[in-house]
Every structure is written in structure tokens, then in C-alpha cells.
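Take a look at the structure set out below.
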2 protein chains.
Amino acid sequence: MESNLAVGRLSALAQPNRLAVFRLLVRAGNEGMSAGEIARSLNVAANTLSSQLNILSHAGLVTSTRDGRSIIYRAAFNAMADLMVYLVEDCCQGHAEICAPISEITDRIACCG
Amino acid sequence: MESNLAVGRLSALAQPNRLAVFRLLVRAGNEGMSAGEIARSLNVAANTLSSQLNILSHAGLVTSTRDGRSIIYRAAFNAMADLMVYLVEDCCQGHAEICAPISEITDRIACCG
DNA sequence: TCCATATTTCAACGATAATGGAAATGAAGG
DNA sequence: CCTTCATTTCCATTATCGTTGAAATATGGA
């Protein structure tokens, strides 16, 4: 992964509304949510949300598909995984005990135990 | 973990120099690096780096200890792990196959396999 | 004490980002 | 075709961020 791409993804997540949108979509899983559902759920103006979804989309963190009048957004788990790996890859030069907190993260995520 | 704290950490990482600093410290592991070493390594002005280290430090992503005239910075692996968990916790509502990319991240990090 | 090194603080400038009102686009139904 | 609903685009305003030069603080050694 390239540095610019990672910065783009981190910037996209580094804003309260967008972070909330992404986490909402993470929980929604495969079903995803329409822009309107997200807006109502988070109490954000439709146009504001639209530009924020656009930023998340350009960063590759969400995908969208049209369904009738609505547009369904979904979290991009593979893009997120790439980012997480990039942040801590090559950690601690082989001394696994130093980055033990990192090696334990999957134990702390609900569905990945 | 609280939303504001996560946004603070993401914002701290969402900048090319700071992301490079953090990843450099991740690789440096327990030894850490002095501010001067980091500045030379990344070719950043000392005062610019200082404010960026301050931001990373306030976000809890790095720690610092004085050693003679130098100040040694180290990556805070536990803070990073907390952030990573926060980003994807409660994912996919029990359908593990959906977030398989997430469950595989530790296999992709050098020292955590 | 005086000097050199290491790092931080201060002040200011230019650039970038977040928000919301208003208008525009796209899709479904009568 | 017209209306309604869903979402996006445009535009202007305000606020925040990154960088730099200059000065200040802190440490160690002659």
C-alpha cells in the first residue's frame, strides 16, 4: 500500500461524522444502508452526508450500488484491512512481545475470534 | 474507546509526515528514536517535527522519555491496537465470512504470525 | 560561566476542510 | 408530462491545519 493512499483513508476516517458513518456500515455488514437511512440514523443533513460519503468512497472505504431511488453504501472490509496492516507492518523487528497488543486485536473483535 | 479519542488518533495519523514518523517508530520498536534522528531520517525541519510529535503524543500514539540532551520517542502499540479494534468492532453481525479480510490481518503482520 | 547541541515555543501566513442554503439531477408512479 | 422522493452539486462562509523564521528553554561539557 502506498503512503498517499493510507493518508487518504486516514483523513477520510478522521472526522466525527465520517467515522460514525463508517462504523455504522461496519455493523450493517453485507446489507449496507441507504444514504437516507444513514442521514436519519446519524442526524446529519443530506447534502453534508453526501459529500462525506463521497470522501469515504474516493478513499475506497465504502462502496455504493443503486437500488431503485436509493443508493446503498457498504463498508469495504478489504480496504480497511489493508490500512490496518500498513499501519503496523514490520513492527518491532522480530521481538513479538513488544507488539503483543497488536497480535491480540483479532481476539478483541467480535466475529473474528 | 470514545469517538473523540479515535478521531484524535486518526487525525494525528492523517498527515504524510506524521504517518511516516509513526511507522518509523513502529519499526524502531522498543529502542525508539530521538527527535533529531527522526528529523534527519525524514528530512523534516526540527520545529516542524516538534509540533508533529506533539500532536502524535497528545493523541497517545507515541511516548517520550528524556535521555541526556535527546528525547526518545516510541510508538504506543497498545493505543494503536485500541484504535484498530474500535474501527471494526461488532463487524458483520456474526457473519464471519463477510469480514474475513479483518480476521486475517495478524497473519499479514510480520512478527505476529 | 560560556558555548554548543537538542528540542520546543511563538507568531504569522497560505492552504485546506466542514457546513448549510439553494438549485439540480435521477428515478418511480399516476 | 408532472409530481414526489432520494441524492448530489454548487457556492460562500468560517474554522482549522501545516509550515517556517526567529527566539526561547534545557542539557552537557570545556
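Owing to the predicted nature of the structure, the values given are computational and were not obtained by experimental measurement.
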Contact class for B:Ser70 vs. all strands (heavy atom < 4.0 Å): base, sugar-phosphate, or nothing?
sugar-phosphate
Can you tell me how far P of D:dT27 sits from CD1 of B:Ile72, to the nearest Å?
14 Å
From B:Phe77 CZ over to B:Thr63 OG1, what is the distance, rounded to the nearest 0.5 angstrom?
10.0 Å
A:Asn47 CG to D:dC10 P, straight-line distance once rounded to whole Å:
13 Å
Under 3.5 Å, side-chain donor or acceptor atoms of residues 36-51 of chain A against the rest of the protein: list the pairs with distances, not counting sequence neighbours.
from: A:Glu37; atom 1: OE1; to: A:Ser34; atom 2: N; distance (Å): 2.9
from: A:Glu37; atom 1: OE1; to: A:Ser34; atom 2: OG; distance (Å): 3.4
from: A:Ser51; atom 1: OG; to: A:Thr48; atom 2: O; distance (Å): 2.9

Expected list for residues 8-17 of chain A near DNA chain C, using heavy atoms below 4.0 Å, is A:Gln15, A:Asn17
Which heavy atom of B:Met33 sits nearest a heavy atom of B:Ala28, and at what distance?
CG-CB, 3.9 Å
Interatomic spacing from CD1 in B:Ile109 to SG in A:Cys91 - rounded to 0.5 Å
6.0 Å
Positions of residues 24-46 of chain B (non-hydrogen atom under 4.0 Å from DNA chain C), listed by number
B:Ser34, B:Ala35, B:Gly36, B:Ala46
Note: chain A reaches DNA chain C at heavy-atom distances under 4.0 Å over the stretch, first to last nt, 5' to 3', of C:dA18 to C:dA28
Rounding to a whole Å, what distance do you find between A:Leu53:CG and D:dT7:P?
9 Å
For B:Asn54, what residues pass the side-chain hydrogen bond (donor to acceptor under 3.5 Å, both in side chains) criterion, not counting sequence neighbours?
B:His58
Exercise answer: donor-acceptor pairs, residues 7-25 of chain A side-chain atoms, under 3.5 Å, sequence neighbours excluded:
from: A:Arg9; atom 1: NE; to: A:Ala59; atom 2: O; distance (Å): 2.9
from: A:Arg9; atom 1: NH1; to: A:Ala79; atom 2: O; distance (Å): 3.1
from: A:Ser11; atom 1: OG; to: A:Val7; atom 2: O; distance (Å): 2.8
from: A:Gln15; atom 1: OE1; to: A:Asn17; atom 2: N; distance (Å): 3.0
from: A:Gln15; atom 1: OE1; to: A:Arg18; atom 2: N; distance (Å): 3.1
from: A:Gln15; atom 1: OE1; to: A:Gln52; atom 2: NE2; distance (Å): 3.4
from: A:Arg18; atom 1: NE; to: A:Ala12; atom 2: O; distance (Å): 2.6
from: A:Arg18; atom 1: NH2; to: A:Ser11; atom 2: O; distance (Å): 3.1
from: A:Arg23; atom 1: NE; to: B:Tyr86; atom 2: OH; distance (Å): 3.4
from: A:Arg23; atom 1: NH1; to: B:Tyr86; atom 2: O; distance (Å): 2.5
from: A:Arg23; atom 1: NH1; to: B:Glu89; atom 2: OE2; distance (Å): 3.3

Nearest-Å distance for atom pair CZ/P, residues A:Arg66 and D:dT7
8 Å
Taking atom types as modelled, find out whether A:Thr65 and A:Arg74 have a side-chain donor-acceptor pair closer than 3.5 angstrom.
yes
How close or far is atom P of D:dC5 from atom CZ of A:Arg69, stated in whole angstroms?
8 Å
I'd like to know whether CD of A:Glu104 has more than 12 heavy-atom contacts from other residues, nucleotides or ligands below 6.0 angstrom.
yes
On DNA chain C, check which nucleotide each of B:Tyr73 and A:Asp67 is closest to and give me the residue with the more 5' one.
B:Tyr73
Which whole-number value in Å describes the distance from B:Arg18 CZ to D:dG18 P?
4 Å
Separation of B:Leu61 CG from B:Leu53 CG (nearest 0.5 Å)
11.5 Å
For B:Pro101 and B:Ile98, the nearest pair of non-hydrogen atoms, with its separation, is CD-O, 3.8 Å
Within the distance-only criterion (no hydrogens, no angle test), does the side chain of B:Arg66 pair as donor or acceptor with the backbone N or O of B:Ile71 below 3.5 angstrom?
no
Rounded to the nearest Å, what distance is computed from the CG atom of residue B:Leu49 to the P atom of nucleotide D:dT19?
10 Å
